[in-house]
Amino acid sequence: MALSYRIPAGRRAVPLLALGALVASTLVLTAPPAQAAETLLSQGKPATASSQEGDGYAPSAAVDGNLTGTRWASQWSDPQWFQVDLGQRSDLSRTVLTWEGAYGKNYQIQASDNGTDWRTLKTVTGGDGGTDEVAVSGSGRYVRMLGTERSGGYGYSLWEFQVYGTTDGTPPAQGEVKVTGSQGNWQLTVGGKPYTVKGLTWGPAIADAPKHMPDVRSMGVNTIRTWGTDASTGPLLDSAAAHGIKVVNGFWLQPGGGPGSGGCVDYVTDTAYKNNMLTEFARWVEAYKSHPATLMWNVGNESVLGLQNCYSEAELEAQRNAYTGFVNDVAKKIHGIDPDHPVTSTDAWTGAWPYYKRNAPDLDLYSMNSYGDVCGVQEDWEEGGYTKPYLITEGGPAGEWEVPDDANGVPDEPTDVQKAEGYTKAWDCVTGHRGVALGATLFHYGIEHDFGGIWFNLVPDGLKRLSYYAVKKAYSGSIAGDNTPPVITNMAVSPASSAPAGGEFTVRADVRDPDGDAITYKIFLSGNHANGDKRLVEAKWRSTGNGTFAVTAPEKLGVWKVYVQAEDGRGNAGIETKSVKVVAPPVTGTNVALNKPTTASSFQPSYGDCPCEPAKATDGRSDTRWASDWSDPQWIRVDLGAATAIRKLQLVWDPAYAKSYEVQVSDDGTGWRTVHTTAAGNGDIDTIDVAATARHVRLHLTARGTGWGYSLHEFGIYG
C-alpha cells in the first residue's frame with residue numbers, strides 16, 4: 001500500500017514541482033551492457049540499514065516496488081549504508097537507485113557473499129540525485145550502498161534500491177518439497193535444495209498481507225504458518241510467493257487446543273464429520289497444491305491434548321486413538337492428491353506422539369507447539385524412540401500456563417527482556433537438535449494490541465518489540481544498524497495489592513533507549529482478570545517525573561494489569577506490565593453493619609458460587625456476596641441493634657447491580673424514611689453520604705442494571 005509523502009519534523013518542504021523533477025531526472029553514470037536474461041533480484045528481499053530516520057522509513061520500504069510512495073531514510077550523519085539480501089549468490093549487472101530529495105553525493109556499490117566481507121564494485125562521486133543507474137560487474141548474495149558523503153544536512157533517502165542480474169544457477173526455493181535423509185539425519189528439501197524453516201505464525205488479515213509481508217521477509221523469515229485453509233487463502237499465498245516466503249497450510253479439526261476451538265467431536269462414531277472434513281481438505285489441497293508458496297500441509301492443532309476437555313479415562317483413550325487414526329486417513333488422502341508436499345500434524349503435548357507413532361504412519365513429520373519447555377521436546381523425542389523428524393509450529397516465551405502466579409494470584413508475565421530471551425532460547429533449542437528438528441514457525445507475527453497481543457505479538461499495533469529483533473537476529477544473523485526499542489526494567493506498582501478504586505496508585509520503571517531517542521509514554525489497563533475484557537484501555541494518568549506515574553485505578557474491583565508503553569518515535573516500543581489489585585476505597589470510621597443481622601426479600605440458594613445469603617453482604621469479605629432473585633423490586637436490610645448515628649454507606653456491587661434504588665432508615669423496622677435516592681447507578685462501588693440516626697438501614701431496589709438480580713459483595717454502613 002503506497003504511503004503519502006511525509007516531511008519529517010524539521011525538514012523544509014520540497015515544492016511539488018521540484019520533487020517531481022528530482023524523481024524524474026536520471027543520471028546515467030555508465031551505460032549498462034545488454035543483459036540477455038537480466039532480472040530484478042532485489043524486490044521484496046530482506047533489507048537492512050545502518051539506521052532509519054523514524055517510523056515509516058524502514059529499509060524494507062526501499063525494496064517494495066513502490067517508486068514514489070514509500071522510502072528508506074537514514075539518520076543525518078555520515079557514513080550510512082543500505083543493503084539487501086538477494087537470498088543466493090547472483091551475477092550482478094546493474095543497480096538503480098531512485099533517490100528522494102536527500103541523496104548521496106558520494107557512495108559505493110558493494111557486494112558480499114556472507115554479509116561481512118565486502119567488495120567495492122563501483123564508486124560514485126559527484127552524484128546529483130534523481131535516479132542513478134549504475135552498471136556493475138561482479139557477483140554476490142548481498143549488495144549494499146555505502147554512503148560516504150551526503151548532499152546536504154539531511155540523511156540518505158531512497159525511494160527504491162533495485163539490483164539487476166542473473167542467478168549463478170542455484171534456483172530459488174521452488175518445486176517438490178521432501179523430508180529426506182535417514183534416522184536422526186533428516187532434512188527438509190525444496191526443489192532438491194536444503195531448507196530450514198525460519199518461520200512465524202501469521203496473524204494479520206489476509207487483505208493486509210502485501211503491507212506486512214515485506215517486513216516479515218526483512219526479518220529473514222522464509223515461512224509462515226496458518227491454522228486454516230479455505231477460499232480466502234489464495235491472496236495470502238500469492239503475497240507470500242511474491243516475497244519468497246513459503247506457507248505451512250493448516251487444516252483445523254475440533255476440538256483443537258486453544259480458545260475458540262469449538263465443540264467436541266466423537267471420532268469413534270461421527271463418520272459424517274470425518275467425511276465432511278476429508279472432502280473439504282481435499283478440495284483445498286487440489287486448489288493450492290501447485291501454488292509456489294505451499295510448503296506443507298498441517299492437519300489439526302493440539303487436538304490430542306484438547307480431547308481431554310471432552311472425554312476422560314477409557315473413552316478419552318479411545319478418542320485419541322480414533323483421532324490420530326483419522327489424521328492418518330487425511331494424510332493418505334492428501335498424498336493421493338499431492339505427492340509433492342509433506343503432511344504433518346500439530347499438538348502441544350509430546351504425550352501425543354505415541355498415538356501418532358501407533359496410528360498415523362503416513363505422516364511425513366510431527367509438529368509441536370512448545371513455549372517455556374521447548375528444549376524438553378528434544379529430550380522427549382529421544383526418550384520416545386521416534387522415527388520421524390519434527391517441526392516446532394509455535395514457540396516463544398513462557399505462556400500464562402507456565403509461569404508462577406504473582407502476589408495478586410495472576411500469572412506473572414515475563415518482562416520484555418525475558419520474552420526476547422525466550423525466542424532466542426527457542427531457536428537455539430531447535431537448531432541444537434540437528435538432523436531432527438527441521439525448523440520453527442515461532443509465535444506470533446500479530447498486530448493485536450490487547451492482553452494476549454502484548455504477551456506474544458512481535459508487532460502489537462505495528463510497534464516492534466525487543467522480541468521482534470530477537471527473532472530477526474536469530475533468522476538473519478544480525479541486527480547491526482537497526483534502531484531498537486526502549487528497554488524497560490524494574491517496573492513496580494504501589495500499592496500493588498490495595499489500590500483504592502477510583503483513586504491513584506503509583507507506577508515506576510527504569511527506561512532507557514539504546515539509540516538515545518526521545519521517549520514518549522502511554523499507560524494502559526486491562527481488565528482480563530477482573531471482568532474478562534482483554535482489551536487495553538488507555539488509563540487516566542500523569543507523570544510525576546523520573547519514570548514515575550500516578551495512575552487512576554478503575555472503579556471495578558479485582559486484579560487488573562497495568563502497562564507502561566515507551567515509544568521511541570521510530571516504530572519501536574518497550575512494553576512492560578504488572579498486576580494491581582483494586583480494592584474498595586477506605587472509609588474512615590467503623591463499619592457498624594459488620595456481622596449484624598441481615599435479611600432480604602430473597603436470595604439465590606444455588607447458582608454459580610451461591611448459596612448467596614444476605615449475611616454475606618455484611619461479613620467484611622469482598623469474595624462473598626448476596627444475590628437476589630431475578631425480579632423487581634427487591635430489598636436488603638441490616639439491624640444495627642440500637643439507634644446509631646450514620647454518616648456514610650459503601651455499596652460494593654457485583655456485576656449484577658442496581659440502576660435505581662433508595663436508601664431508607666427506620667427506628668422500629670416498620671416505618672421507613674428515605675435518605676438517598678438514585679436512578680443513575682452504574683455498578684462497581686457507590687459511596688454515599690448520609691446524615692441520619694436509626695437502628696435499621698434498608699436498600700429498596702427498584703430497577704436492575706442487568707438481566708440478573710441484585711448482587712452485593714459488601715453493604716457497609718459507617719458511623
- Do other residues, nucleotides or ligands put more than 12 heavy atoms under 6.0 Å from K419 NZ? yes
- With no hydrogens and no angle check, do the side chains of T344 and S367 hold a donor and an acceptor under 3.5 Å apart? yes
- Can you say whether the rings of Y142 and W118 are parallel (under 30°), tilted (30 to 60°) or perpendicular (over 60°)? perpendicular
- Query: Would you say the side chain of R225 lies within less than 4.5 Å of the side chain of L200, judging by non-hydrogen atoms?
  - Reply: no
- Can a donor-acceptor pair be found between the side chains of Y107 and T123 at a distance below 3.5 Å? no
- Message: Looking at R144 and Q110, would you say the former's side chain and the latter's main chain have a donor-acceptor pair under 3.5 Å?
- Response: no
- Decide whether W252 and N301 meet the rule of one side-chain donor and one side-chain acceptor closer than 3.5 Å. no
- Report the residues that fulfil side-chain contact (heavy atoms from CB on, under 4.5 Å) with S478, sequence neighbours left out, ordered by chain and then residue number. A480
- Between D568 and P485, the two heavy atoms sitting closest are OD2-CA, 4.3 Å
- Query: Do other residues, nucleotides or ligands put more than 12 heavy atoms under 6.0 Å from R119 CZ?
  - Reply: yes
- Task: Assess the side chains of N483 and D517: does a donor N or O sit below 3.5 Å from an acceptor N or O?
- Result: yes
- Message: Quick one about T70 and D64 (side-chain donor to acceptor, distance below 3.5 Å, no hydrogens or angles considered), yes or no?
- Response: yes
- Item | Aromatic ring proximity Y103/Y154, centre distance under 6.0 Å | no
- Item | More than 12 heavy atoms from other groups under 6.0 Å of NZ on K289 | yes
- Query: Does a donor on one side chain and an acceptor on the other come within less than 3.5 Å for D513 and N572?
  - Reply: no
- Item | Evaluation steps, side chain to side chain donor-acceptor pair (under 3.5 Å), between W99 and D132 | CA-CA 8 Å; W99 293 102; D132 290 353; 3.1 Å; yes
- Message: When you compare the side chain of T120 with that of I109, does any pair of heavy atoms fall below 4.5 Å?
- Response: no
